[in-house]
Protein chains: 2
Amino acid sequence: MNAMTKTKGTQVLPLNTILAGDCIEQMNSLPAESVDLIFADPPYNLQLRGDLHRPDNSRVDAVDDHWDQFASFQVYDDFTRAWLKAAHRLLKPNGAIWVIGSYHNIFRVGASLQDAGYWILNDVVWRKSNPMPNFRGKRFTNAHETMIWASKSEGAKYTFNYEALKALNEGIQMRSDWVLPICNGGERLKDANGDKAHPTQKPMSLLHRVLVGSTNPGDVVLDPFFGTGTTGAVAKMLGRDWIGIEREESYREVATRRIADVRAFDRSALEVTRAKRAEPRVPFGQLVERGMLSPGETLVSPTGKIARVRADGTLVGDGVKGSIHQVGAHLEGAPSCNGWTYWQFRKDGKTVPIDVLRQQIRAEMADRA
Amino acid sequence: MNAMTKTKGTQVLPLNTILAGDCIEQMNSLPAESVDLIFADPPYNLQLRGDLHRPDNSRVDAVDDHWDQFASFQVYDDFTRAWLKAAHRLLKPNGAIWVIGSYHNIFRVGASLQDAGYWILNDVVWRKSNPMPNFRGKRFTNAHETMIWASKSEGAKYTFNYEALKALNEGIQMRSDWVLPICNGGERLKDANGDKAHPTQKPMSLLHRVLVGSTNPGDVVLDPFFGTGTTGAVAKMLGRDWIGIEREESYREVATRRIADVRAFDRSALEVTRAKRAEPRVPFGQLVERGMLSPGETLVSPTGKIARVRADGTLVGDGVKGSIHQVGAHLEGAPSCNGWTYWQFRKDGKTVPIDVLRQQIRAEMADRA
DNA sequence: TGGTCCATTGAATCGATTC
DNA sequence: GGAATCGATTCAATGGACC
């Protein structure tokens, strides 16, 4: 494994390695605001008395079942709040987190996320195409798990590769319910006895969608409950840096071997459909300056409205002067208008959207770069 | 309406009526342990900012009603705990509750349910077949809502009509994700102006499945946030008794008229839950996510053209990026192209159409249904 | 009567950059 | 830091108009 490092202030970020030990302690040892994305699959089959440290180490006296249950939730909440707080510190201001869980724990995790200042962006349902049936016929087949996607704070500029996800879904915007099979077959890691190496190994397809959608190549992805390292394996494939934290030595060994066998995809294949928002801005006036449109020339809209181009790159239509957007919005009585797609000019007897002229300029800019 | 009563101790249960006023006060006025099932659709605490416009500039008529406004999570939690406590008292020992919500509130509701001693049996996802899209391309389409089904306490003998649900689902065990359309068309109640009478009317299909699955004929069903009375209408159809509680007079009026028009054991009750079985659409991107094809891998066409797979499920060929169909059409100079039959990949020295991989996925989906 | 086209709408935490 | 400006962005279903 290639254990690179990045420096952040005076501290060092141990990239592409698995840290051993308690995830809260390990997260606290890493520099603040150094991670782009956290993917967390926290435990919920807790042996509460032994496994998890309580803040005051006092023993709970179980007065009755209800109280005992309530106390157990308290312990779980304390644990959840603690690791979410450590994670919050690690995230860059525009970072984000994904947490996966089932009805046993996801409601407590979600409420704790909100209380800790994270801002929920979506809850996403992983709809399993081949779940374990409910053999006793006493409940519904438990056929899904829930993921919460949240930014570090309200108003943060999280990463969302909308176009890439839309492409993954063949041109239709990606929904909050994902139909993907559970991890089995050759992907499912086995131990020496041929038993499954980890009880809840997540499928790589799930992480593929998460990482393509909410990170960019070169981003740092942290998984505080690394297990057998699905997050690391997919991150490596996709050209993202990763950090894993895992307490159990046996899982660390399996994950280390597994990730070593993974080959990163070719850099060019990782390029993803770009958002139009990311394209460089072109002022409309440049079309006039460059003679692509002439002052006095008439533009028409799909609705038959007309306006004339002025030398300073503004339009006049219906007595109103302003930008291509402002005049379009005025003529349509609309709150806003994208003038680039609204206005057309005449060329060889046909009407052509002025956006093609902008595309020409952008293509030239790309050639020169 | 037929306002029957049942007596419980010295108190009387007002059946098949809508009680006016605050749901907590009204619940506290009813006798303890008198209700078999509670279905609750509480305010979601949506936190809208400004106006939202569709790409065609029309304005989205969002939920901005006063009853959905809460000052903080703290206030919302207090409200939730209070009505859940009152509901808990009303339930018979073997009674159960359903609560529906979105990511804005459901995590808080779920945690409060657990804290109040309810025992979660399943979380059930309502996958909307026709959700409102995400207009700004900033998040995933919000395509589902979450329902929590819980018994009054751990170990309670709740009602679950396994066979009836299996029959509803064409002989296959009912899963925890239900695909049902949102409420529109003739079922959607309108006011005198032709506007929607209630912003969040739930579809009858949803309640039909809930009541068939978790009540028996003659059971008493309470809905503390009655709205326009979908719960009452479906309960009447299915021969269950119901009690509604609703603060807003206008909603009570609409609900009263609506339920009066319902005929018990209406034929439509049998059709209402039968969701259309949609042809499973398999996006090409899923082949990449699932590792059946790798980013960077080369595809070939029968005419000898080549293209490379990218991480987002698009292709690059001859410098053109796009879907399997678009790139195929470009390379052939054709107006359109079926990429599934056009493109082939190499396997064991042979070329195989990618459609084989799609068929593989469809077969898996059909096996498990 | 049937088919096509177009307008409408649904529980929504739905900008970014420059001035 | 607030205001102005640029300019990107939608899927499924229903129902009415029109031919």
Side-chain angles (χ1 to χ4, degrees), chain A residues 114 118-123 149-151 154-158 160 162-163 166 169 171-176 275-285 313-314 322-326 328-329 334-343 354-355 358, chain B residues 41-65 67-70 73 76 100-106 126 128-146 181-188 190 194-196 198-203 225 227 276 278 281:
Chain A
Q114 292 177 310
Y118 292 93
W119 191 247
I120 297 182
L121 299 166
N122 278 112
D123 59 336
W149 175 42
S151 60
E154 183 180 358
K157 290 178 188 149
Y158 55 90
F160 184 56
Y162 175 78
E163 292 291 345
K166 192 171 169 178
N169 200 31
I172 294 164
Q173 70 178 200
M174 191 71 82
R175 300 167 37 121
S176 60
K276 285 185 194 157
R277 286 188 179 91
E279 299 286 324
R281 282 200 180 191
V282 177
F284 175 71
T314 58
S323 71
I324 52 173
H325 315 296
Q326 289 167 332
S336 68
C337 171
N338 183 344
W340 290 108
T341 51
Y342 179 73
W343 291 112
I354 59 173
D355 203 31
R358 181 171 66 163
Chain B
D41 182 10
Y44 285 12
N45 191 23
L46 300 183
Q47 287 152 49
L48 311 172
R49 296 294 180 256
D51 278 354
L52 178 65
H53 291 90
R54 297 187 179 81
D56 66 3
N57 275 326
S58 62
R59 202 179 75 88
V60 175
D61 182 16
V63 179
D64 54 1
D65 304 74
W67 47 256
D68 199 47
Q69 314 289 324
F70 292 83
F73 284 137
Y76 189 80
I100 184 167
S102 68
Y103 68 85
H104 310 84
N105 71 323
I106 197 65
W126 169 26
K128 303 179 184 182
S129 56
N130 50 348
M132 181 152 60
N134 184 293
F135 296 117
R136 307 299 293 263
K138 300 302 293 182
R139 304 186 177 190
F140 298 98
T141 308
N142 224 319
H144 75 276
E145 293 186 28
T146 300
I182 62 174
C183 179
N184 59 11
E187 189 186 330
R188 187 82 194 210
K190 302 286 166 59
D195 299 322
K196 53 190 175 191
H198 191 283
T200 70
Q201 186 183 337
K202 294 291 172 290
F225 306 98
K276 284 168 276 182
R281 201 175 56 89

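Residue numbers begin at 1 in each chain, while the letters A, B, ... track the order of the sequences. Because the structure is a prediction, the values reported are computed rather than measured.
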**Student:** Indicate, with a heavy-atom threshold strictly under 4.0 Å, whether A:Cys337 touches base, sugar-phosphate, or nothing.
**Tutor:**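 A:Cys337: base contact, heavy atoms under 4.0 Å.
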**Student:** Which part of the nucleic acid does B:Pro131 contact within heavy-atom distance under 4.0 Å: base, sugar-phosphate only, or nothing?
**Tutor:** base
**Student:** Give one of base, sugar-phosphate or nothing for B:Asp68, where a contact means two heavy atoms less than 4.0 Å apart.
**Tutor:** base
**Student:** For B:Lys202, report the nucleic acid contact type (base, sugar-phosphate, nothing); a contact means any heavy atom under 4.0 Å.
**Tutor:**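 Base: the residue B:Lys202, judged by heavy atoms under 4.0 Å, touches a nucleobase.
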**Student:** Do the ring centers of B:Trp67 and B:His198 come within less than 6.0 Å of each other?
**Tutor:**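 Yes; B:His198 has its ring centre under 6.0 Å from that of B:Trp67.
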**Student:** Report which part of the nucleic acid A:Gly322 touches: base, sugar-phosphate, or nothing (heavy-atom distance under 4.0 Å, all strands).
**Tutor:**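 No contact.
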**Student:** Output, in order, the C-alpha distance, side-chain angles, deciding distance and verdict of salt bridge (Lys or Arg N to Asp or Glu O under 4.0 Å) for A:Glu154 and B:Arg49.
**Tutor:** CA-CA 12 Å; A:Glu154 183 180 358; B:Arg49 296 294 180 256; 2.4 Å; yes
**Student:** Would you mind telling me which residue lines up with the more 5' stretch of DNA chain C, B:Arg49 or B:Tyr44, judged by nearest nucleotide?
**Tutor:**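 Final value for this comparison: B:Tyr44.
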**Student:** Among A:Gln173, A:Arg175, A:Met174, exactly one meets side chain to side chain contact (heavy atoms under 4.5 Å, CB included) together with B:Asn134. Which residue is that?
**Tutor:**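 Of A:Gln173, A:Arg175, A:Met174, side chain to side chain contact (heavy atoms under 4.5 Å, CB included) with B:Asn134 is met by A:Gln173 alone.
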**Student:** Scan A:Glu163 against the nucleic acid and name what it touches under 4.0 Å (heavy atoms): base, sugar-phosphate only, or nothing.
**Tutor:** sugar-phosphate
**Student:** Should B:Asp41 and B:Lys202 count as an ion pair when the cut-off is N to O under 4.0 Å?
**Tutor:**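 Result for this pair is yes, salt bridge flagged.
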**Student:** Do B:Gln69 and B:Leu46 come within less than 4.5 Å of each other through their side chains, counting heavy atoms only?
**Tutor:**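 Counting from C-beta outward, B:Gln69 and B:Leu46 never come under 4.5 Å.
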**Student:** Using a cut-off of 4.0 Å on non-hydrogen atoms, how would the nucleic acid contact of B:Thr200 be classed: base, sugar-phosphate, or nothing?
**Tutor:** base
**Student:** Please enumerate all residues that pass salt bridge (charged side-chain N to carboxylate O under 4.0 Å, His left out) together with A:Lys166, with sequence neighbours excluded.
**Tutor:**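 Partners of A:Lys166 by the salt bridge (charged side-chain N to carboxylate O under 4.0 Å, His left out) criterion come out as none, since no residue qualifies.
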**Student:** For A:His325 and for B:Arg54, find the nucleotide of DNA chain D with the closest heavy atom, then tell me which residue's nucleotide is more 5'.
**Tutor:**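 This one resolves to A:His325.
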**Student:** Could you tell me how far apart B:Met132 (CE) and D:dA12 (C1') are, to the nearest whole angstrom?
**Tutor:** 13 Å
**Student:** Please check: side-chain N/O of A:Glu279 versus main-chain N/O of A:Lys276, any donor-acceptor pairing under 3.5 Å?
**Tutor:** no
**Student:** Can a donor-acceptor pair be found between the side chains of B:Glu145 and B:Tyr44 at a distance below 3.5 Å?
**Tutor:** yes
**Student:** Using atom CZ of B:Arg188 as one end and atom C1' of D:dG15 as the other, report the distance to the nearest whole Å.
**Tutor:** 16 Å
**Student:** What is the distance, rounded to the nearest whole Å, between atom CZ of B:Arg136 and atom P of D:dT9?
**Tutor:** 10 Å
**Student:** Rounded to whole angstrom, note down the P distance from C:dT1 over to D:dG16.
**Tutor:**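 Going atom to atom, P in each nucleotide, I get 15 Å.
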**Student:** With heavy atoms under 4.0 Å as the rule, sort A:Gly339 into base, sugar-phosphate or nothing.
**Tutor:** nothing
**Student:** Can you tell me how far C1' in C:dA11 sits from the matching atom in C:dG15, rounded to whole Å?
**Tutor:** 23 Å
**Student:** So what does the secondary structure string of DNA chain D come out as, 5' to 3', with Watson-Crick or wobble pairs under 3.5 angstrom, [ ] for crossing and | for pairs with another strand?
**Tutor:** .|||||....|||||||||
**Student:** Is B:Thr141 touching bases, backbone alone, or none of the nucleic acid, heavy atoms closer than 4.0 Å?
**Tutor:**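 No contact at all - B:Thr141 keeps every heavy atom at 4.0 Å or more from the nucleic acid.
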**Student:** Can you tell me how far P in D:dA8 sits from the matching atom in C:dT18, rounded to whole Å?
**Tutor:**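 So the two P atoms sit 14 Å from each other.
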**Student:** Which is true for B:Asp41 with a 4.0 Å heavy-atom rule: it touches a base, it touches only sugar-phosphate, or it touches nothing?
**Tutor:** base
**Student:** For a quick check of understanding: with a heavy-atom distance under 4.0 Å over all strands, which category does A:Ile172 fall into, base, sugar-phosphate or nothing?
**Tutor:**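 Since only primed, P, OP1 and OP2 atoms lie under 4.0 Å of A:Ile172, the category is sugar-phosphate.
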**Student:** Quick check for you: name the first and last nucleotides of DNA chain C, 5' to 3', having an atom under 4.0 Å from a heavy atom of chain B.
**Tutor:**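 From 5' to 3', the first and last contacting nucleotides are C:dT9 to C:dA16.
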**Student:** Grab the CZ-P distance between A:Arg175 and D:dT10 for me, whole Å please.
**Tutor:**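 Roughly 16 Å, once rounded to whole Å.
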**Student:** What's the gap between D:dT5 and C:dA12 when it is taken at their C1' atoms, as a whole Å value?
**Tutor:**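 Pairwise C1' distance, D:dT5 against C:dA12, rounds to 25 Å.
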**Student:** Anti or syn, where syn is a glycosidic angle within 90° of 0; which label fits C:dT13?
**Tutor:** syn
**Student:** Across the strands shown, which category fits A:Ser336 at heavy-atom distances under 4.0 angstrom: base, sugar-phosphate, nothing?
**Tutor:**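 Contact class for A:Ser336: base.
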**Student:** Heavy atoms, side chains only, cut-off 4.5 Å: are B:Thr146 and B:Ile100 in contact?
**Tutor:** no
**Student:** What nucleic acid atoms does B:Glu145 come within less than 4.0 Å of, heavy atoms only: base, sugar-phosphate, or nothing?
**Tutor:** base
**Student:** Which part of the nucleic acid, if any, lies within reach of B:Asn134 when heavy atoms closer than 4.0 Å are counted: base, sugar-phosphate only, or nothing?
**Tutor:** base
**Student:** How far, in whole Å, is D:dT10 from C:dA7 if one measures between their C1' atoms?
**Tutor:**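 One C1' to the other, the span is 14 Å.
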**Student:** Please evaluate residues A:Tyr158 and A:Trp149 with respect to the criterion ring-ring contact (aromatic ring centres under 6.0 Å, His included), reporting the C-alpha separation (whole Å), side-chain torsions for both, the decisive distance (0.1 Å), and the verdict.
**Tutor:** CA-CA 10 Å; A:Tyr158 55 90; A:Trp149 175 42; 5.4 Å; yes
**Student:** For A:Gln173 and A:Pro335, take the nucleotide of DNA chain D holding the closest heavy atom to each; which residue's nucleotide lies nearer the 5' end?
**Tutor:** A:Pro335
**Student:** Distance only, no hydrogens: is a donor on one side chain within 3.5 Å (strictly under) of an acceptor on the other, for B:Tyr76 and B:Asn105?
**Tutor:**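 The criterion, which ignores hydrogens and geometry beyond distance, is satisfied for B:Asn105 and B:Tyr76.
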**Student:** DNA chain C: B:Asp56 or B:His104, which has the more 5' nearest nucleotide?
**Tutor:** B:Asp56
**Student:** For A:Ser323 and A:His325, which I'm curious about, is there any donor-acceptor pair between the side chains at under 3.5 Å?
**Tutor:**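 No, no side-chain donor-acceptor pair sits under 3.5 Å.
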**Student:** Rounded to whole angstroms, how far apart are CZ on B:Phe135 and C1' on D:dA12?
**Tutor:** 11 Å
